[in-house]
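See below for the structure under consideration.
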Amino acid sequence: MAEIDVVLPDGSHKSLPAGSTAGDVAAAIGARLAKDALAARIDGVLSDLAASVPDGAHVGIVTPASDDGREILRHSSAHVMAQAVTRLWPGAKYAIGPAIENGFYYDFELPGGAHFTDEDLARIEATMREIVAEDQPFTRREMSIDDGLAVFADQPFKIEIITKVKEGADDDEDLGEVSAGPIVSVYANSEGFVDLCRGPHVPSTKRLGHFKLMRVAGAYWRGDEKRPQLQRVYGTAWESAAALAAHLHQLEEAEKRDHRRLATELDLLSFPSELGGGLAVWHPRGGIVRKQMEDFSRARHLEGGYEFVVTPHLANARLFETSGHLGFYKDGMYPPMEMDNGTYYMKPMNCPMHCLIFRSRARSYRELPLRLFELGTVYRYERAGTLHGLMRIRGFTQDDSHIYCTEEQLEGEIISLLGFVMDVLRAFGFSEFTANLSTKDPEKYVGSDEIWEKSTDALRGALERFGLEYQIKKGDAAFYGPKIDIDVRDAIGRTWQLSTIQCDFNHPERFDLEYVGADNQRHRPIMLHRALFGSIERFFGVLLEHYAGNLPTWLAPEQVRVLGVRNDHDDYAREVAAHLKETGVRVSVEVANEPLGARIRRAKMEKIPYVLVVGDEDVASGTLGVNARGSNDPSRGVSLGEFTTALHAEILAHGRPDAD
RNA sequence: GCCUGGGUAGCUCAGUCGGUAGAGCAGCGCAUUCGUAAUGCGCAGGUCAAGGGUUCGAAUCCCUUCCCAGGCUCCA
């Protein structure tokens with residue numbers, strides 16, 4: 001009998017009878033693996049266990065607790081969900097249902113334009129569990145495109161995908177749904193349900209089960225808001241009950257550090273509905289944190305050679321016609337105010353005004369790079385459905401700078417900017433950065449190819465010199481130039497896009513900006529836009545979530561609270577507080593009208609970095625009981641001088657690489 | 001803007017079949033004086049998001065608007 005030889009991931013070889021499947025390979029390796037196996041990688045390609053293995057193939061068995069395994073579980077769960085929905089709503093049309101991070105979704109169109117409600121989730125989930133219990137095998141079939149069209153005759157979304165494949169107009173997304181080449185593949189997991197799919201899938205529905213449906217949502221067919229809106233159901237799926245529970249637990253933890261919740265609990269800011277959507281008021285405790293952030297930002301910009309400017313919140317429409325904002329972003333701007341001398345708009349950007357400052361007089365090459373900086377408050381009419389706490393807001397303040405430089409200065413300026421950006425972000429407790437380099441959108445851009453290439457090279461060179469990991473986002477640049485965006489990783493592993501460095505060839509042109517060079521000729525400067533925080537509001541929100549509200553001492557609204565054990569210690573408590581306050585510490589006293597435990601608890605819930613408890617012994621010897629945030633082990637008998645010195649050292653140390 | 005779900009005291013929430021408003025925490029007052037995460041008692045707190053409609057009667061049913069959440073789309 002003919003034998004084939006397969007290579008396993010560890011480099012060892014196995015001989016099997018010709019015609020063996022990936023499942024047979026798993027069985028040949030071990031009974032336990034065969035039981036665990038979901039799918040296989042054959043020569044790098046994910047395949048069903050039922051797929052036959054060619055001679056000499058490299059074969060890896062995919063088990064549930066792996067990235068490949070989870071992806072397959074999730075994708076198969078999506079099929080089961082579609083099957084459940086078609087059982088519950090006969091005639092439902094199903095569109096696409098991929099695996100996504102942590103789970104899966106599927107888009108549907110229900111008969112009669114019906115919509116899912118939250119209650120439907122439980123019904124769908126129950127039906128999914130029935131399908132899982134039925135132990136239905138997933139079986140793959142390949143067929144011609146025309147046969148595929150016949151199979152899905154009553155499924156218009158599938159027909160559209162197959163037709164596009166037939167016409168050769170398919171894209172990656174379509175390929176994910178079908179298969180490459182002149183055939184389409186379908187998976188049936190029962191007589192009653194067949195879906196267009198490239199696969200692979202788990203061998204049987206009984207291999208699924210650690211899933212939970214999360215929510216229903218509307219989603220446009222093919223992501224196009226001009227096309228029909230479908231009903232999307234999201235679910236999460238995992239390899240084990242424990243992994244599912246861990247995921248759900250993490251969601252709860254993330255909810256606890258939601259900046260909107262913390263902002264209310266810690267009395268930092270609020271969004272009064274009377275103001276209108278997307279507009280916040282900062283309360284004293286939020287305001288003092290913001291002031292710390294702004295002071296720090298200003299100090300660093302001053303050191304960094306920036307010049308401070310101030311510009312108004314609104315401007316005549318002519319300015320935004322010149323800048324092009326009215327042409328490109330009118331819908332995103334607050335509507336016009338008609339005045340007796342013209343039409344005015346709230347500013348959505350600071351750049352046009354900074355350009356006016358540049359243009360206010362003749363500029364020499366000796367002044368370049370000219371770095372204009374402003375904490376500039378802008379207003380953008382974000383669409384109602386897109387608002388999200390501080391993360392997406394209609395009135396916000398950018399730590400905005402525009403740098404005017406020569407072409408020769410560009411690279412050096414970007415390199416120093418990257419260092420500046422990360423240095424400032426580190427001071428706020430972020431240490432993991434990744435970057436995206438967005439390149440020219442060939443459909444939409446201004447400026448010569450040469451300058452695009454040059455500036456893209458300058459951005460790339462700076463990233464590489466920093467050893468900063470980056471991804472290219474092809475075609476993602478603004479129309480006026482390429483950009484670098486910097487993402488940070490937070491304490492629970494989420495990434496947030498914060499800083500941006502953008503080249504701009506458009507504004508200098510539109511505002512006819514010039515400088516006189518050493519050659520006594522007029523030249524056009526290049527303009528860089530950059531923001532470190534992005535917006536102060538958003539950055540503040542990210543900080544709150546990163547620290548779960550436990551802001552580092554230098555930022556904390558209240559740094560120290562002093563508690564006397566009894567009323568007769570209150571005077572000493574006030575003395576301690578007065579001493580700290582004199583040295584610039586934000587401190588308060590809560591007098592002993594309530595039990596100590598209750599006052600400690602309140603201070604802890606307010607996430608105050610240091611709670612000082614003073615009693616008889618402390619009054620007698622000038623000491624403190626120091627209860628630090630996050631510790632359950634207070635130190636007694638610390639001298640006031642010792643505490644003050646350590647506190648100041650901590651406050652001053654932030655942002656220094658050697659601090660800790 | 002679109003889809004789904006919401007809006008009740010400062011906060012978190014209950015409120016059944018349509019019969020006129022409830023708790024805990026926070027606040028205020030009094031008592032309590034306590035060594036490291038909740039002392040007791042009392043008081044006050046509401047145009048039930050806003051406006052309109054149905055009804056003898058609306059927090060509850062219907063309509064409109066505003067605001068919020070989760071998605072989609074968008075994000076200079």
Side-chain angles (χ1 to χ4, degrees), chain A residues 105 107 113 115-121 214-234 255 258 260-261 264-265 267 270-279 320 323-333 347-352 378 380-389 391-393 398 477-481 483 497 500 502 504 506-507 529 531 534 563-570 591-606 611-618 624-628 631-637:
Chain A
Y105 68 78
D107 288 345
H115 294 297
F116 291 122
T117 64
D118 288 344
E119 289 75 52
D120 291 331
L121 288 182
M214 303 302 283
R215 59 181 63 96
V216 299
Y220 298 105
W221 169 231
R222 306 208 75 89
D224 182 345
E225 66 177 323
K226 295 189 181 63
R227 306 207 58 183
Q229 189 161 41
L230 306 177
Q231 297 285 302
R232 177 172 295 179
V233 179
Y234 283 95
E255 200 181 316
D258 186 305
R260 293 162 299 186
R261 176 187 178 133
T264 303
E265 286 174 359
D267 193 17
S270 58
F271 294 89
S273 60
E274 291 85 343
L275 274 184
L279 297 168
F320 300 117
S323 71
H325 288 103
L326 269 176
F328 289 108
Y329 301 110
K330 192 168 191 207
D331 290 347
M333 289 168 67
K347 68 171 166 184
M349 281 299 260
N350 304 300
C351 17
V378 298
R380 297 182 183 178
Y381 195 77
E382 302 287 0
R383 295 212 270 176
T386 64
L387 299 173
H388 179 89
M391 302 304 183
R392 191 82 178 265
I393 190 170
Q398 298 177 309
F479 67 93
Y480 52 67
K483 63 170 178 176
Q497 188 196 307
T500 180
Q502 310 180 350
D504 184 353
N506 186 50
H507 272 90
H529 301 241
L563 308 176
V565 173
R566 290 187 316 270
N567 274 150
D568 48 344
H569 306 125
D570 285 345
V591 297
N593 287 340
E594 270 185 287
L596 182 62
R599 287 175 290 141
I600 298 262
R601 179 169 187 272
R602 183 157 40 241
K604 291 286 184 184
M605 290 203 304
E606 290 178 31
V611 181
L612 305 182
V613 174
V614 293
D616 290 331
E617 296 165 23
D618 302 298
L624 314 160
V626 178
N627 188 334
S631 151
N632 284 320
D633 183 26
S635 350
R636 298 271 297 266

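Bear in mind the structure is a predicted one, so any value in this text is a computation, not a measurement. Sequence lines set the chain letters: A, B, ... in the order given, protein chains first and strands last, and positions in each chain run from 1. Atom set for the values below is all heavy atoms of this structure, side chains included, hydrogens, waters and symmetry mates excluded.
- B:C3 and B:A58: their C1' atoms are spaced 29 Å apart (whole Å).
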| Nucleotide-resolved protein contact map, nucleotides 69-76 of chain B, B/S/- at heavy-atom distance under 4.0 Å | SBBBBBBB
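- Look at B:C25: its Watson-Crick or wobble partner, with both distances under 3.5 angstrom, is B:G10.
- No contact: A:D331 has no heavy atom under 4.0 Å from any strand.
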| task | Sugar-phosphate means primed atoms, P, OP1 and OP2; the rest is base. With that split, encode nucleotides 36-52 of chain B 5' to 3' as B, S or - using protein heavy atoms under 4.0 Å. | result | BBBB-------------
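- In terms of phosphate contacts, A:H115 brings no side-chain nitrogen or oxygen within less than 4.0 Å of OP1 or OP2 of B:C3.
- For A:D570 and B:C34, the CG to C1' distance is 12 Å, given to the nearest whole Å.
- Toward the 5' end of RNA chain B, the nearer of the two residues A:G278 and A:V565, judged by each one's closest nucleotide, is A:V565.
- Using a cutoff of 4.0 Å between basic side-chain nitrogens and carboxylate oxygens, A:R383 and A:E225 are scored as salt-bridged.
- Mapping A:L230 and A:G277 onto RNA chain B via the closest heavy atom, the residue that lands nearer the 5' end is A:L230.
- The side chain to side chain donor-acceptor pair (under 3.5 Å) test applied to A:N350 returns A:K347, A:Q398, A:D400, not counting sequence neighbours.
- A:F116 comes within contact range of the sugar-phosphate backbone alone, with a heavy-atom separation under 4.0 Å but no base atom that close.
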